[in-house]
Amino acid sequence: MRFIQALLMLLLVGLGLAFAALSLGTFAALTDNAPLWLRSLGSLENVLGVKLGLLGLPPFLRATVLAFVSSVLMGLAAYYKPR
């Protein structure tokens with residue numbers, strides 16, 4: 001059982017980090033002064049948003065939703081951490 005919990009925790013942490021990076025990139029795409037690598041993460045999120053049909057949301061709301069989803073995933077990872 002602990003092995004499954006550890007595997008689930010690692011999966012949730014990985015997903016949480018991916019969503020956090022996309023959120024950071026989306027926030028960075030809102031400004032012109034952000035580094036290019038951060039804005040490229042925002043454009044990657046834009047491409048994924050087009051494929052999923054979520055482009056109707058404003059960019060700030062998309063970034064906020066992604067930040068919320070990443071925090072929920074990290075919270076679930078902490079909950080399923082084997083003790």
Side-chain angles (χ1 to χ4, degrees):
M1 186 67 174
R2 285 186 179 213
F3 177 72
I4 295 172
Q5 285 179 334
L7 198 60
L8 181 63
M9 183 202 64
L10 288 175
L11 177 70
L12 289 171
V13 166
L15 283 173
L17 288 175
F19 275 98
L22 287 176
S23 172
L24 184 64
T26 307
F27 278 123
L30 294 174
T31 183
D32 293 334
N33 296 331
L36 181 61
W37 66 274
L38 275 178
R39 286 187 286 155
S40 64
L41 282 176
S43 63
L44 175 68
E45 186 274 331
N46 194 10
V47 169
L48 290 174
V50 167
K51 290 197 183 247
L52 293 176
L54 300 175
L55 201 57
L57 296 175
F60 182 76
L61 184 60
R62 281 196 322 249
T64 306
V65 167
L66 283 171
F68 178 74
V69 169
S70 67
S71 66
V72 167
L73 287 171
M74 289 297 187
L76 283 173
Y79 179 74
Y80 284 116
K81 179 184 170 191
R83 293 177 185 103

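Keep in mind that this is a model prediction, so the values were computed, not measured.
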Note to self: Enumerate the side-chain hydrogen bond (donor to acceptor under 3.5 Å, both in side chains) contacts for residues 16-36, please, sequence neighbours excluded, ordered by first and then second residue.
What the structure shows: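 For residues 16-36: Thr26-Glu45.
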Other members of the hydrophobic cluster containing [X], with the 4.5 Å side-chain heavy-atom rule, please.
| X | value |
| --- | --- |
| Val47 | none |
| Ile4 | none |
| Met74 | Met9, Leu10, Val13, Leu17 |

Margin query: Please say yes or no: joined through hydrophobic side-chain contacts below 4.5 Å, possibly via intermediate residues, are Leu30 and Leu38 part of one cluster?
Written below: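 No, Leu30 and Leu38 fall in different hydrophobic clusters.
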Notebook entry, point to check: Is there side-chain contact between Leu36 and Arg39, with at least one heavy-atom pair below 4.5 Å?
Noted result: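 When only atoms from C-beta onward are counted, Arg39 and Leu36 do touch, with a gap below 4.5 Å.
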Note to self: Under the ring pair (Phe, Tyr, Trp, His ring centres under 6.0 Å) definition, can you give me all pairs with a residue in residues 3-33, not counting sequence neighbours?
What the structure shows: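 Checked against ring pair (Phe, Tyr, Trp, His ring centres under 6.0 Å) - neighbours excluded - the pairs reaching residues 3-33 are Phe27-Phe60.
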Notebook entry, point to check: Looking at CG of Leu22 and CG of Asn46, how far apart are the two atoms once the value is rounded to the nearest 0.5 Å?
Noted result: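 Result: 11.0 Å between the selected atoms.
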Next item on the list: Quick one: pull up OG in Ser70 and CG in Leu12 and give me the separation to the nearest 0.5 Å.
Entry: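 If we round to the nearest 0.5 Å, Ser70:OG and Leu12:CG are 12.5 Å apart.
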Do any side-chain atoms of residues 76-83 form donor-acceptor pairs under 3.5 angstrom with protein atoms, and if so which ones, sequence neighbours left out?
| from | atom 1 | to | atom 2 | distance (Å) |
| --- | --- | --- | --- | --- |
| Arg83 | NH2 | Ala78 | O | 3.2 |

